[in-house]
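Written out below as structure tokens is the structure these notes cover.
Quick caveat: nothing in here was measured; it's all calculated off a predicted structure. Here is the naming used below: chain letters follow the sequence lines, and residue numbers restart at 1 for every chain.
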Number of protein chains: 2
Amino acid sequence: MLRLDRGRGRGYVAAPVDDQQDGDAMVTMRDVAERAGVTKQTVSNVVTGRVAVRPSTEARVRAAIAELGYVPNLVARSLATGSTRTMGLFVPTVSAPFYAGMVEEAEETLEERGYHLLLCTTRRDGERARRHLAGLTSRSVDALLIAGDQGLTDHLPLLADARFPVVLCAWEAALPDGFPVVTIDYEHGGLLAGRHLRQLGHERVAVVASPAHPVRVEGFRRALRENGLVLPDGAVHLAAEPTFKEGVATTLEALRANPGTTALFATHDVLAAAAVEAARSLGRSVPGDLSVVAYDDTPEGLLSGSTFTSVVLPMREMVRQAVDLALGAVDSAAGPDLRPRTLLPELVVGDSTARPG
Amino acid sequence: MLRLDRGRGRGYVAAPVDDQQDGDAMVTMRDVAERAGVTKQTVSNVVTGRVAVRPSTEARVRAAIAELGYVPNLVARSLATGSTRTMGLFVPTVSAPFYAGMVEEAEETLEERGYHLLLCTTRRDGERARRHLAGLTSRSVDALLIAGDQGLTDHLPLLADARFPVVLCAWEAALPDGFPVVTIDYEHGGLLAGRHLRQLGHERVAVVASPAHPVRVEGFRRALRENGLVLPDGAVHLAAEPTFKEGVATTLEALRANPGTTALFATHDVLAAAAVEAARSLGRSVPGDLSVVAYDDTPEGLLSGSTFTSVVLPMREMVRQAVDLALGAVDSAAGPDLRPRTLLPELVVGDSTARPG
DNA sequence: CTGAAAGCGCTTACAG
DNA sequence: CTGAAAGCGCTTACAG
């Protein structure tokens with residue numbers, strides 16, 4: 001008689017029935033203990049390393065572990081300890097380069113800390129976030145990191161009821177009270193962009209912005225004001241969506257409205273790449289006929305050899321700090337530090353800006 | 001006397017000590033049972049819905065659940081049932097648009113099935129994959145979906161020892177025996193690209209390829225051969241990395257080597273966008289002076305209003321089938337269907353190709 | 001339809 | 001340094 005056995009190995013081998021014990025369904029601590037001639041508590045002690053074990057005993061246990069191919073069951077451990085060593089991560093999407101980078105950086109940091117990553121993309125939808133939060137609660141994640149405020153600002157009270165530490169990062173909306181947050185001075189980024197263009201001598205500037213980035217625009221506006229220039233409302237053009245396509249359309253609109261524009265501030269990388277494309281389609285070269293400042297990251301879309309001038313965000317540093325803040329709160333009785341940490345962006349000067357022709 | 005209580009609510013409120021019972025650290029089935037005046041098994045029955053419960057009893061239980069804010073502890077359930085309702089997903093990276101899309105689609109499908117997603121990016125590194133696999137094993141995921149073969153072909157034996165079903169998808173290398181796989185006929189995609197260019201009448205063609213895509217190139221080559229044209233080895237230019245920057249450099253190299261080239265096949269979307277950029281930098285318009293066929297997806301990088309001609313892969317369908325195959329294998333004693341499922345790509349004709357000038 | 005018992009595989013005090 | 005006991009919060013047969 002044969003039966004299908006999913007116990008070990010490939011998973012689907014026909015194995016002879018063994019009525020004595022239920023196959024080798026999973027080797028447990030007890031099996032290791034028997035083999036090594038100790039109790040399972042001793043096995044636990046060598047596995048976790050929290051209690052010292054006589055070297056000769058430890059050697060026997062380790063040998064048994066190796067022979068049996070024992071792997072600790074973290075689900076059981078989690079139930080006993082109350083810690084899953086898993087962190088949830090909310091991001092609006094993973095298709096935007098900035099958030100994709102955050103996910104990879106978070107994963108990297110978590111791996112170093114022995115944690116796993118439960119990913120939830122919210123698609124900027126508060127309702128999705130609410131469902132995910134419920135899922136994370138029943139699944140007992142140790143902590144939750146929320147990257148980006150989009151769609152979430154109305155749902156903060158919900159997050160306040162979470163059973164685990166919640167840390168906010170990349171938070172561009174007004175900072176809510178009561179949450180630890182690691183974020184960036186987004187307005188300062190806009191300021192850097194504005195000052196740079198003013199220093200180059202630009203006077204006829206336009207902005208291609210995402211509706212999610214009023215703060216970046218405000219910083220830009222402030223820089224111009226500092227330099228005696230008023231940014232007219234009509235010079236700010238909003239892209240309906242943060243896509244390349246919309247970026248092109250919006251830039252064309254901006255340049256048609258004000259053909260004399262010599263410099264353009266795009267509030268994120270995809271829009272900046274689109275702006276260059278749009279300018280060229282009108283026969284205007286970058287930076288010869290139009291300077292373009294990007295934001296978030298250095299976008300693709302210029303020729304190799306030349307690079308964008310861009311407000312670059314300290315994304316990696318932000319993620320690391322946020323992960324550590326969240327993980328630190330897990331086992332500290334004191335709770336996380338609620339003072340907001342704000343990192344500063346930097347202006348990286350590339351080849352997409354020049355003095356007005 | 002106050003103590004810091006992480007039990008419920010915000011997590012870090014000073015709460016009066018309650019020596020009777022350990023605060024409200026977590027409300028459990030037993031609490032609900034007491035409140036409703038039943039045993040916890042009855043609570044379990046209404047929560048899981050597997051055993052019918054008298055309506056009046058059920059109402060009492062549900063009321064108690066609501067009043068107490070009870071949330072089932074899935075860790076405990078997992079230990080009891082042996083199922084975590086979590087699937088692992090390996091992707092090479094999340095920064096490439098194609099894989100980012102796969103992650104979001106997988107998450108979507110899993111959510112519908114009541115599953116969560118444990119994400120692991122392998123960075124095309126077999127050693128990372130091996131570590132992740134160990135993590136997933138101890139964490140008892142129900143299944144693992146592996147998207148993309150990069151860096152993994154040498155580690156298949158390891159995967160064969162997994163304790164859970166492993167499904168491969170987006171597998172471009174030779175199909176390994178013994179694994180269920182949902183993939184795409186990548187060669188056919190190359191064939192479609194080649195035939196299209198030949199039908200338009202191109203004779204001087206070049207290829208800008210990733211080293212990971214020999215099969216796509218082979219299909220392309222075959223299409224030309226069918227049409228009496230031999231693709232010289234010198235016409236295939238490999239991009240060192242799958243980045244925009246490398247794509248530009250490689251295209252420039254290709255066009256300098258054969259200035260008479262009238263059409264170009266790029267083996268993936270980012271390279272195609274880069275090719276257009278490179279061509280324009282040489283003063284050649286697309287498709288007027290150079291036709292470009294993309295692959296994977298419709299890339300950004302042409303003007304709004306015009307689109308790429310591209311070999312488009314049925315990514316969503318592939319992911320859905322793969323997830324269902326993996327999840328189906330979880331509770332079927334029979335094991336997954338090992339016959340490879342191969343989906344066909346489609347050629348979407350856009351504005352980036354035309355008859356040779 | 002409801003209740004008492006055993007068990008999932010670990011860890012955590014607590015004796016020796 | 002090692003062992004016996006209790007418990008984490010659930011589910012799964014199995015009686016009533």
Side-chain angles (χ1 to χ4, degrees), chain A residues 7 21-62 64-65 68-85 137-140 142 163 331, chain B residues 6-7 21-61 64-65 68-85 137-140 142 163 331:
Chain A
Q21 55 177 56
D22 189 23
D24 43 13
M26 182 185 300
V27 13
T28 129
M29 239 171 202
R30 203 162 58 78
D31 302 327
V32 175
E34 271 178 19
R35 177 107 176 192
V38 297
T39 60
K40 65 177 157 67
Q41 295 73 354
T42 303
V43 178
S44 174
N45 287 340
V46 350
V47 169
T48 61
R50 6 175 71 252
V51 177
V53 170
R54 193 193 306 166
S56 63
T57 310
E58 171 164 356
R60 279 216 315 286
V61 171
R62 293 216 178 277
I65 288 176
L68 263 30
Y70 167 72
V71 178
N73 181 330
L74 259 46
V75 173
R77 180 182 291 175
S78 293
L79 182 58
T81 61
S83 159
T84 53
R85 295 195 80 80
T137 300
S138 55
R139 214 159 281 263
S140 314
D142 285 355
R163 295 188 178 163
D331 29 37
Chain B
R6 293 256 327 264
Q21 56 177 56
D22 188 24
D24 43 12
M26 183 184 302
V27 13
T28 129
M29 240 172 200
R30 203 162 58 78
D31 302 327
V32 175
E34 271 178 18
R35 177 107 176 193
V38 296
T39 59
K40 66 175 154 73
Q41 294 74 356
T42 303
V43 177
S44 173
N45 288 340
V46 348
V47 169
T48 62
R50 5 174 73 254
V51 177
V53 171
R54 193 194 306 167
S56 63
T57 311
E58 171 164 356
R60 278 216 314 288
V61 171
I65 288 177
L68 262 31
Y70 168 71
V71 177
N73 180 329
L74 259 46
V75 174
R77 179 183 292 175
S78 294
L79 183 59
T81 62
S83 159
T84 54
R85 295 195 80 79
T137 299
S138 54
R139 215 158 280 262
S140 314
D142 285 354
R163 295 186 180 165
D331 29 36

Taken to the nearest whole Å, CG/A:N73 to P/D:dC8 is 18 Å
Rounding to a whole Å, what distance do you find between A:E34:CD and C:dG9:C1'?
14 Å
Do B:L74 and B:R77 touch side chain to side chain, with heavy atoms closer than 4.5 Å?
yes
Looking only at side-chain atoms of B:M26, point me to the closest of D:dG9, D:dG7, D:dT2.
D:dG9
If the cut-off is 4.0 Å, is A:T81 near the phosphate of C:dC10, judged by side-chain N/O to OP1 or OP2?
no
Using side chain to side chain contact (heavy atoms under 4.5 Å, CB included) as the criterion, list what pairs up with A:S78, not counting sequence neighbours.
A:T84, B:V75
With a 4.0 Å cut-off on heavy atoms, is B:T48 in touch with a base, just the backbone sugar-phosphate, or nothing at all?
sugar-phosphate
For residues A:E58 and A:V53, report the shortest heavy-atom separation together with the two atoms involved.
N-CG1, 3.8 Å
Tell me whether the side-chain N/O atoms of B:S44 come closer than 4.0 Å to OP1 or OP2 in D:dC10.
no
Please tell me if the side chains of B:R35 and B:L68 come closer than 4.5 Å, counting only heavy atoms from C-beta onward.
yes
May I ask you to test the A:V47-A:I65 pair for a side-chain heavy-atom distance under 4.5 Å?
yes
Watson-Crick or G-U wobble mate for D:dC14, both contacts under 3.5 Å:
C:dG3
What is the distance, to the nearest angstrom, from the CG atom on B:N45 to the P atom on D:dT12?
10 Å
Where the side chain of B:M29 is defined as all heavy atoms beyond and including C-beta, which of D:dG9, C:dT11, D:dT11 is the nearest nucleotide?
D:dT11
Which heavy-atom pair separates B:V27 from B:Y70 by the least distance, and what is that distance?
O-CD1, 3.3 Å
Nearest listed nucleotide, side chain of A:R54, among D:dT2, C:dT2, C:dG9
D:dT2
For A:V51, report the nucleic acid contact type (base, sugar-phosphate, nothing); a contact means any heavy atom under 4.0 Å.
base
Given D:dG9, D:dT2, C:dC10, the nucleotide with the shortest approach to the side chain of A:T28:
C:dC10
So, is B:R77 near the phosphate of D:dG9, with a side-chain N or O under 4.0 Å from OP1 or OP2?
no
Just the rounded figure in Å: distance from C1' of C:dG9 to CG of A:L74.
11 Å
Quick one, A:T42 and A:T57 - any side-chain contact, counting heavy atoms below 4.5 Å?
yes
Where along residues 35-43 of chain B does a heavy atom come under 4.0 Å from DNA chain D, residue by residue in number order?
B:K40, B:Q41
Euclidean distance, atom CZ of residue B:R30 to atom C1' of D:dC8 [Å, nearest integer]
12 Å
Nucleotide C:dT2, atom P - distance to CD of B:E58 in whole Å
10 Å
Select base, sugar-phosphate, or nothing to describe what B:R50 touches, counting heavy atoms under 4.0 Å on all strands.
sugar-phosphate
